[in-house]
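My questions all concern the structure below.
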Amino acid sequence: MVHRHAGAGCAALAVLGALVLTGLPEAAAVEPPAPAAPPSVAATLGADNPAPAVLRALERDLGLTATQAKTRLVNEAEAGTRAGRLQNTLGGRFAGAWVRGATSADLTVATTEAADVPAIRAGGARAAVVKTALGDLKTAKAKLDGAVTGKALDTPVRYIDVRTNRVTVQATSRAAADALIAASGVDRKVVDIRVSADQPRALYDVRGGDAYYIDDTARCSVGFAVTKGAQQGFATAGHCGKAGAKTAGFNNVAQGTFQASVFPGRDMAWVGVNSDWTATPYVKGEGDQNVQTAGSVQALAGAAICRSGSTTGWHCGTIQQHDTSVNYAEGTVDGVTRTTVCAEPGDSGGSYISGTQAQGVTSGGSGDCTSGGTTFYQPINPLLSTYGLTLKTSTGESGTSAPQDGQAGGWAAGQVYEVGVRVTYDGVSYQCLQAHQAQGAWQPALTPALWQRA
């Protein structure tokens with residue numbers, strides 16, 4: 001929500017290092033040292049060293065102990081890599097993955113073929129055999145989205161729920177949902193209906209979570225600091241302002257200009273700031289503390305997530321579903337993620353982070369932070385890719401480099417990669433395990449959390 005003119009976030013420090021082995025003097029009796037073991041998944045993604053503000057918010061909002069909060073972040077980082085490996089193995093039979101339990105110790109991977117069960121178990125996950133592949137659910141949802149006419153506030157939300165192996169239509173009445181399903185031609189067997197009076201609204205109203213003001217008339221929240229070449233700026237929600245709109249910072253000092261903006265359809269924008277402002281990897285945490293962002297690895301359904309906004313500050317919850325479509329009064333927005341985190345007007349555009357990894361910027365929702373609510377965020381990786389932006393991170397090596405090996409398919413820092421994409425690096429082929437924007441310190445050979453040899 002934009003708050004018509006009148007701060008807090010969640011991220012953590014990740015220190016990535018590569019051991020460089022130098023040649024030893026020749027000696028007949030000396031064996032060369034064994035290759036250094038690659039860093040663990042948790043260490044690579046910074047999940048083993050979360051900021052205290054992250055842990056406190058997880059304890060408060062998810063009812064966890066300090067030990068459980070730490071364990072959950074490590075488990076979720078590890079689960080994402082295992083799920084990516086299994087998704088690449090299953091191919092078209094893959095039907096989704098999710099975590100559950102207080103510490104996310106239980107990873108489930110779904111398939112349409114019972115013969116895949118041994119491989120899934122061997123890959124460290126519980127197996128679920130279902131009827132419909134994720135690709136087919138995506139096709140069904142696309143048909144439902146295509147059948148929406150006008151603002152369609154009687155069927156405001158549509159999403160794929162991998163845990164039920166269905167596409168869910170949230171509607172104000174069963175009759176409204178039935179009409180949409182019939183118009184789409186989708187098989188009723190793959191659709192669930194959820195009747196709710198909730199009416200999501202855009203959360204109107206350069207550290208993530210800080211306030212900024214648009215043309216002296218509205219307030220939103222900074223998402224994540226970004227760069228585009230030499231230009232510094234930040235990512236935020238598209239509904240906060242149109243291209244060309246002027247912004248002032250939390251201190252009402254002239255700040256920058258919206259460079260590009262999309263809303264509805266998507267809810268993404270970025271602001272280029274002037275020389276008085278410097279992009280940092282910080283997000284505003286609880287008690288006005290700075291916490292840091294290490295990357296943008298997409299978290300699984302069921303994972304813990306925290307949000308920072310200039311109205312309600314720092315709150316946590318869980319990811320419910322990715323690839324959700326929601327109808328606001330202004331129009332339909334596709335590709336957002338649905339969460340249990342609360343938000344209120346003025347929190348729009350603010351930071352969503354899971355562990356140390358940037359997830360997205362606040363779009364809209366229903367409810368509030370007194371009674372609870374549902375919110376939606378615009379994922380950060382599509383935003384970065386659409387506008388050619390580089391996330392500002394604590395790795396210190398986030399600049400874009402040329403693809404390796406001189407090939408179009410070579411790995412490059414600053415590029416956004418989806419699960420299953422193949423690249424080459426130093427002449428070796430790798431396949432992506434988790435959606436992310438590549439950081440300079442995250443070369444495929446050094447990040448088994450994100451890449452496997454193809």
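Here the structure is a predicted model, which means the values were calculated and not measured.
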Between E59 and L64, is there a donor-acceptor pair closer than 3.5 Å when you use the side chain of the first and the backbone of the second? no
Can you confirm whether the side chains of S221 and D347 place a donor and an acceptor under 3.5 Å from each other? no
Does D161 reach the main-chain N or O of R163 with its side chain, forming a donor-acceptor pair under 3.5 Å? yes
Atom CG of L55 and atom CD of E286: how far apart are they, to the nearest 0.5 Å? 11.0 Å
Value rounded to 0.5 Å, distance of CG in L433 from CG in L450: 7.5 Å
Holding to salt bridge (charged side-chain N to carboxylate O under 4.0 Å, His left out), I want the full list of residues that pass it with R266, two or more places apart in sequence or in another chain. none
Answer yes if the side chains of T71 and T103 hold a donor-acceptor pair under 3.5 Å, and no otherwise. no
Could you tell me whether the side chains of H322 and T337 share a donor-acceptor contact shorter than 3.5 Å? yes
Tell me, yes or no, whether the heavy-atom count around R121 atom CZ, taken from other residues, nucleotides or ligands under 6.0 Å, exceeds 12. no
Just so I know, are the side chains of V117 and V129 near enough to count as touching, which here means a heavy-atom distance under 4.5 Å? yes
Minimum heavy-atom distance L107-A97, with the two atoms named: CD1-CB, 4.4 Å
Looking at side-chain heavy atoms only, is the closest gap between V326 and R158 below 4.5 Å? no
Just jot down the salt bridge (charged side-chain N to carboxylate O under 4.0 Å, His left out) partners of R82, sequence neighbours excluded, or say none. none
pair F376-T339: side-chain heavy atoms closer than 4.5 Å: no
Out of W442, Y425, Y430, which one pairs with W411 under the ring pair (Phe, Tyr, Trp, His ring centres under 6.0 Å) rule? Y425
By side chain to side chain donor-acceptor pair (under 3.5 Å), which residues pair with R422, not counting sequence neighbours? none
Expected output: side-chain D267 to main-chain H239 donor-acceptor under 3.5 Å: yes
Flag for T81-Q434: side-chain donor and acceptor within less than 3.5 Å: yes
Check the pair T318 / L62 against side chain to side chain contact (heavy atoms under 4.5 Å, CB included), numbers first and verdict last. CA-CA 8 Å; T318 59; L62 296 183; 4.0 Å; yes
For T332, which residues count as a side chain to side chain donor-acceptor pair (under 3.5 Å) partner, sequence neighbours excluded? N327
Quick one: are R60 and H315 in side-chain contact, heavy atoms under 4.5 Å? yes
Identify, with sequence neighbours excluded, every residue that meets salt bridge (charged side-chain N to carboxylate O under 4.0 Å, His left out) alongside R93. D116
Keeping Q68 on the side-chain end and T65 on the backbone end, is there a donor-acceptor pair under 3.5 Å? yes
Any non-hydrogen side-chain atom of L391 less than 4.5 Å from a side-chain atom of T227? no
For D198 against P200, the heavy-atom pair lying closest together: O-CD, 3.6 Å
Between R174 and I193, what is the shortest heavy-atom contact and its length? NH1-CD1, 3.5 Å
Heavy-atom closest contact (Y377 atom, P379 atom, distance): O-CD, 3.3 Å
For S261 and G238, indicate whether the former's side chain and the latter's backbone hold a donor-acceptor pair under 3.5 Å. yes
Using only atom types and a distance under 3.5 Å, with no angle test, would you say the side chain of T375 pairs donor to acceptor with the backbone of V341? yes
Considering only NZ, NE, NH1 and NH2 on the basic side and carboxylate oxygens on the acidic side, decide whether D288 and R207 come within less than 4.0 Å. yes
Residues which pass side-chain contact (heavy atoms from CB on, under 4.5 Å) with R194, listed by chain and number, not counting sequence neighbours: Y159, T168, Q170, S196, R338
All disulfide bond (SG atoms under 2.5 Å apart) counterparts of C432, not counting sequence neighbours: none
Contact between Y352 and T362 at the side-chain level, heavy atoms closer than 4.5 Å - yes or no? yes
Taking atom CD of Q292 and atom OG1 of T356, what is their separation to the nearest 0.5 Å? 10.5 Å
Which residue pairs pass the salt bridge (charged side-chain N to carboxylate O under 4.0 Å, His left out) test with at least one member in residues 179-191, sequence neighbours excluded? D178-R188
Decide yes or no for N381 and Y417: does some side-chain heavy atom of the first lie under 4.5 Å from some side-chain heavy atom of the second? no
Contacts of D323 meeting side-chain contact (heavy atoms from CB on, under 4.5 Å) (sequence neighbours excluded), chain-then-number -> K138, K141, I160
One pair to check against side chain to side chain donor-acceptor pair (under 3.5 Å): E344 and T312. What are the steps and the verdict? CA-CA 7 Å; E344 295 180 10; T312 59; 5.9 Å; no
Counting C-beta onward and ignoring hydrogens, is there a side-chain heavy-atom pair between N165 and L134 closer than 4.5 Å? no
How long is the gap from CG on L58 to CG on L73, to the nearest 0.5 Å? 5.5 Å
Please check: side-chain N/O of Q357 versus main-chain N/O of L45, any donor-acceptor pairing under 3.5 Å? yes
Assess whether side chain to side chain donor-acceptor pair (under 3.5 Å) is satisfied between S325 and D334, documenting all intermediate values. CA-CA 4 Å; S325 295; D334 296 314; 2.7 Å; yes
Residues forming a salt bridge (charged side-chain N to carboxylate O under 4.0 Å, His left out) with D136, sequence neighbours excluded: none
Does Q231 CD have over 12 foreign heavy atoms under 6.0 Å away? yes
Using a 3.5 Å distance criterion without hydrogens, assess whether the side chain of D106 forms a donor-acceptor pair with backbone atoms of G101. no
Relative to the ring of Y328, is the ring of F263 parallel (under 30°), tilted (30 to 60°) or perpendicular (over 60°)? tilted
Heavy-atom closest contact (T108 atom, A128 atom, distance): CG2-CB, 3.9 Å
Could you grab the distance from atom CG of D210 to atom OH of Y282, nearest 0.5 Å is fine? 13.0 Å
Mark yes or no for whether K228, through its side chain, and Y387, through its backbone, hold a donor-acceptor pair below 3.5 Å. yes
Run the numbers on T89 and Q87 for side chain to side chain donor-acceptor pair (under 3.5 Å), then give the verdict. CA-CA 5 Å; T89 297; Q87 179 174 350; over 6 Å; no
To the nearest 0.5 Å, tell me how far L144 CG sits from L180 CG. 5.5 Å
In terms of heavy-atom contacts, P118 and A115 come closest through CD-O, 3.4 Å
Donor-acceptor contact present, side-chain T447 to main-chain A449, <3.5 Å: no
Quick one: side chain to side chain donor-acceptor pair (under 3.5 Å) partners of E76, sequence neighbours excluded? R72, S104
The criterion is side chain to side chain donor-acceptor pair (under 3.5 Å); which residues satisfy it with Q437, sequence neighbours excluded? none
